[in-house]
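Report on the structure given below.
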There are 2 protein chains.
Amino acid sequence: MADQAKGQTERPQRRRRKMQSVTMMDVAEFAQVSPSTVSLYLRRPEAVSASAGSTIARAIEKLNYVPNLVAGGLAAASSRAVSIIVPSVRNAFFAETVAAMQNTLRKEKLQLILGHTEYDEREEEELVKTALSWAPAAIVLTGLSHSDTTRRMLQKVSVPVIEIWELGGQQIDAAIGFHHDQVGAAAAKHLIQQGRRNLAYLGARLHEDRRAKQRCDGFVEAAKSAGVTVDIVQHPAAASAEVGGMLLSEALQALPQLDGVACSNDHVALGALFECERSSISVPERLSIVGFGDLSFSAACNPPLTTIRPSGDLIGREAARLIIEHMAGKDPEPQISIDTRFTLLHRRSS
Amino acid sequence: MADQAKGQTERPQRRRRKMQSVTMMDVAEFAQVSPSTVSLYLRRPEAVSASAGSTIARAIEKLNYVPNLVAGGLAAASSRAVSIIVPSVRNAFFAETVAAMQNTLRKEKLQLILGHTEYDEREEEELVKTALSWAPAAIVLTGLSHSDTTRRMLQKVSVPVIEIWELGGQQIDAAIGFHHDQVGAAAAKHLIQQGRRNLAYLGARLHEDRRAKQRCDGFVEAAKSAGVTVDIVQHPAAASAEVGGMLLSEALQALPQLDGVACSNDHVALGALFECERSSISVPERLSIVGFGDLSFSAACNPPLTTIRPSGDLIGREAARLIIEHMAGKDPEPQISIDTRFTLLHRRSS
DNA sequence: GTGAAAGCGCTAACAC
DNA sequence: GTGTTAGCGCTTTCAC
């Protein structure tokens, strides 16, 4: 299987390991040029004469040559891989960013290497270490909070580091995202503007999800400084509709006057909506609900959910852009931070 | 930044590229052993004497050595990377599988390289080609349907290929998943068992999503052979609650007698549920709804959604297991196919 | 159990 | 514009 399409007397005593069948050298031989010309053609076709170019193209086609990126990465001391580390791709927010990055990077033939921290800094540390051993073109992390070791490793290294989905802390190099406390504040302001005076924040996994915590804090602070009643009701489990339902009934019990809630995200908000339905609490008349995320169901539920959209895809595209520009030799301004903002979508749940 | 922690007279005229600061050779020098011993220690610690082992361990620690997996991959002609190609990680089903794989593979220090086809065979072909150029330890594809070129490339290559999320077609090598037509049939049987006689399938993106189509076909066939009325209502857009609402009202208009629907997935089912709420159609009294996926909201909505759970995480774990076993030298039976089954969760929407 | 030697397939100076 | 040359950092025989 390994030896077809190759001159049979060429390398007679190459040791028989599982090797690549057709290499750049084979292409070069076939096209009657040197390997470096082939290499050059592959990376910068315009730098090669038209005639040589087309001969090489034909040879590649004929031999069915697939370049070995591993070898290329070793020789160039930097691979065409980008390492991205997120809490989990099960989370729709990060999935969207990963998908957007991948879709932009693939046009440049860059590969994404994925890692999941599951919200664990130790795990992140391991992931960063292995990521580094791939000599990636860039490494993308979620959030600004990392272990000291992680931070040290990353600072020592010449790979560009991009932190996503959070702004407003100490960043290693580039950061792309938004201020989560501003999200919380926007939700509070919106509810107050709607005449609500007894607020609560329904929070899920606030102890682990730093950004959800920031949104919560921003909410509480804005409410307090506006002089309205505000409370936090939370659950240690991950955000889900089930948790949302539980949190809302708990909140209602604690604050019978409750007339406005903001939620960790739209899953929680959806659960709150379901709970209102079960308890015949009319939304938004008796209670206003604001979510976060603008997930796929948010515009379709009853009533449609007022929510804050974070543009996770923009984050991914911007990250990809930074990486591509860096590879093109453009030296990025250090410590750059890009605010992708967010949008409050006022729908009928408030 | 590249030169610290290294003997300064050792390699005086190494050209100044962006190179790794501390290499295996540095570790060997420091530990007073040969590089091959270090290499051996790293891969099979038990094959090295205890004393040498601990000296090397200390050297690694001291120098803060991070192995270069790219170089290793080149020398070994196979990298510690697994390529996984899915339609999109935005889709919760594939996200779950990817997450499960990653979580299993990471214990073996294997990396996941991710690619998105966006349901495009041409794109898949490109992705497979680049995947191959990474000399991955294995390559994982979604579904059994690929372009001829893709299939040919994959067959010619010695990398293990695993196709996931579909069973029952012509497979390249290993396949892990379930029969989607059986899912459809199970939904139909369930509805009929509940006394429903006028069924419809609410399908999203049936022209692109082959597996959704199979579920639909299985549904229709089972219904027909049971002698009940059945219809298909579909929309070209991706599955969403919005589409679900539209499809249900369309179905209701076409079949006023309609008393049972199965949906492309739970997003569509949720939308149907919302539409019932808006139109005051009581579920399940007047209409039964069955979804697919058991997504995070499915148990929490009103009424809780009867659905079919596909165990996407099992698929991921099994794929990872196959790969790990293969790397351990275990020759897998060729053309193995693992049926991960599915479970119908009877909740109150039917 | 350990080391010497020979690459893996490619890139990037640099000379021509 | 093209070829020559010298590695990139590691793994893997094969002796010892």
Side-chain angles (χ1 to χ4, degrees), chain A residues 2 6 10-11 13-29 31-56 60 63 65-80 132-135 329, chain B residues 2 6 10-29 31-56 60 63 65-80 132-135:
Chain A
K6 179 168 24 173
E10 280 320 319
R11 296 176 247 150
Q13 58 228 36
R14 235 166 104 171
R15 277 212 242 58
R16 276 279 137 260
R17 275 198 247 151
K18 181 176 59 173
M19 275 176 307
Q20 194 162 314
S21 44
V22 24
T23 71
M24 186 180 277
M25 243 194 92
D26 298 316
V27 175
E29 248 163 47
Q32 310 262 47
V33 295
S34 79
S36 55
T37 307
V38 178
S39 171
L40 191 61
Y41 168 77
L42 251 25
R43 281 168 302 114
R44 295 194 285 117
E46 75 283 2
V48 158
S49 73
S51 67
S54 63
T55 329
I56 293 170
I60 288 175
L63 300 181
Y65 169 65
V66 176
N68 183 328
L69 257 31
V70 178
L74 178 58
S78 157
S79 63
R80 295 194 73 78
L132 253 22
S133 56
W134 279 94
Chain B
K6 183 172 11 176
E10 281 320 318
R11 297 173 246 152
Q13 58 229 36
R14 236 164 103 166
R15 277 210 241 60
R16 275 281 136 264
R17 277 197 246 153
K18 182 175 56 173
M19 277 177 308
Q20 194 163 314
S21 45
V22 25
T23 71
M24 188 180 274
M25 243 194 92
D26 298 316
V27 174
E29 249 163 47
Q32 310 262 46
V33 294
S34 78
S36 48
T37 306
V38 177
S39 172
L40 192 60
Y41 169 77
L42 251 26
R43 282 167 300 111
R44 295 194 283 118
E46 75 283 2
V48 158
S49 72
S51 68
S54 62
T55 327
I56 293 169
I60 289 175
L63 300 182
Y65 169 65
V66 177
N68 183 327
L69 258 30
V70 179
L74 177 57
S78 159
S79 65
R80 295 193 72 80
L132 253 22
S133 56
W134 278 95

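The figures here come from the full heavy-atom set of this structure, side chains too, leaving out hydrogens, waters and symmetry mates. Sequence lines set the chain letters: A, B, ... in the order given, protein chains first and strands last, and positions in each chain run from 1.
- The nucleotide whose nearest atom lies closest to any side-chain atom of A/Ala75 is, among C/dC10, D/dT12, D/dG9, C/dC10.
- Of all the residues in residues 32-40 of chain A, A/Val33, A/Ser34, A/Ser36, A/Thr37, A/Leu40 reach under 4.0 Å from DNA chain D with at least one non-hydrogen atom.
- A straight line from CD of A/Glu46 to C1' of D/dT2 spans 15 Å, rounded to a whole angstrom.
- With rounding to whole Å, A/Arg44 atom CZ is found 12 Å from D/dT2 atom P.
- Separating the CH2 atom of B/Trp134 from the C1' atom of C/dG9 is a distance of 14 Å, rounded to the nearest angstrom.
- Distance alone, capped at 3.5 Å, places no donor-acceptor pair between the B/Thr55 side chain and the B/Ala31 backbone.
- When all heavy atoms are compared, the tightest approach of B/Leu69 to A/Trp134 is CD2-NE1, 3.4 Å.
- Remark: B/Thr37 engages B/Val33, B/Ser34, B/Val48, B/Ile56 in a side-chain contact (heavy atoms from CB on, under 4.5 Å) (not counting sequence neighbours).
- Of the listed nucleotides (D/dC10, D/dT12, C/dT2), C/dT2 has the atom at the smallest distance from the side chain of B/Ala52.
- When rounded to the nearest whole Å, the span between CD of A/Glu29 and P of C/dC10 equals 13 Å.
- Comparing B/Ala71 and B/Val48 against DNA chain C, the residue whose closest nucleotide sits nearer the 5' end is B/Val48.
- Within the nucleic acid shown, A/Tyr41 has no heavy atom closer than 4.0 Å to any nucleic acid atom.
- For A/Leu74, the side-chain atoms get nearest to C/dG9 when compared with the rest of C/dG9, C/dG1, D/dC10.
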Inset, instruction - Would you sort out whether A/Tyr41 and A/Val27 count as a side-chain contact (heavy atoms from CB on, under 4.5 Å), showing the intermediate values? - result: CA-CA 12 Å; A/Tyr41 168 77; A/Val27 175; over 6 Å; no
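- Contact between the side-chain N/O atoms of A/Arg43 and the OP1/OP2 oxygens of C/dA12 is found at a separation under 4.0 Å.
- In the set C/dT11, C/dC10, D/dG9, the nucleotide with an atom closest to the side chain of A/Thr23 is C/dC10.
- The heavy-atom pair separating A/Val22 from A/Leu63 by the smallest distance is CG1-O, 3.5 Å.
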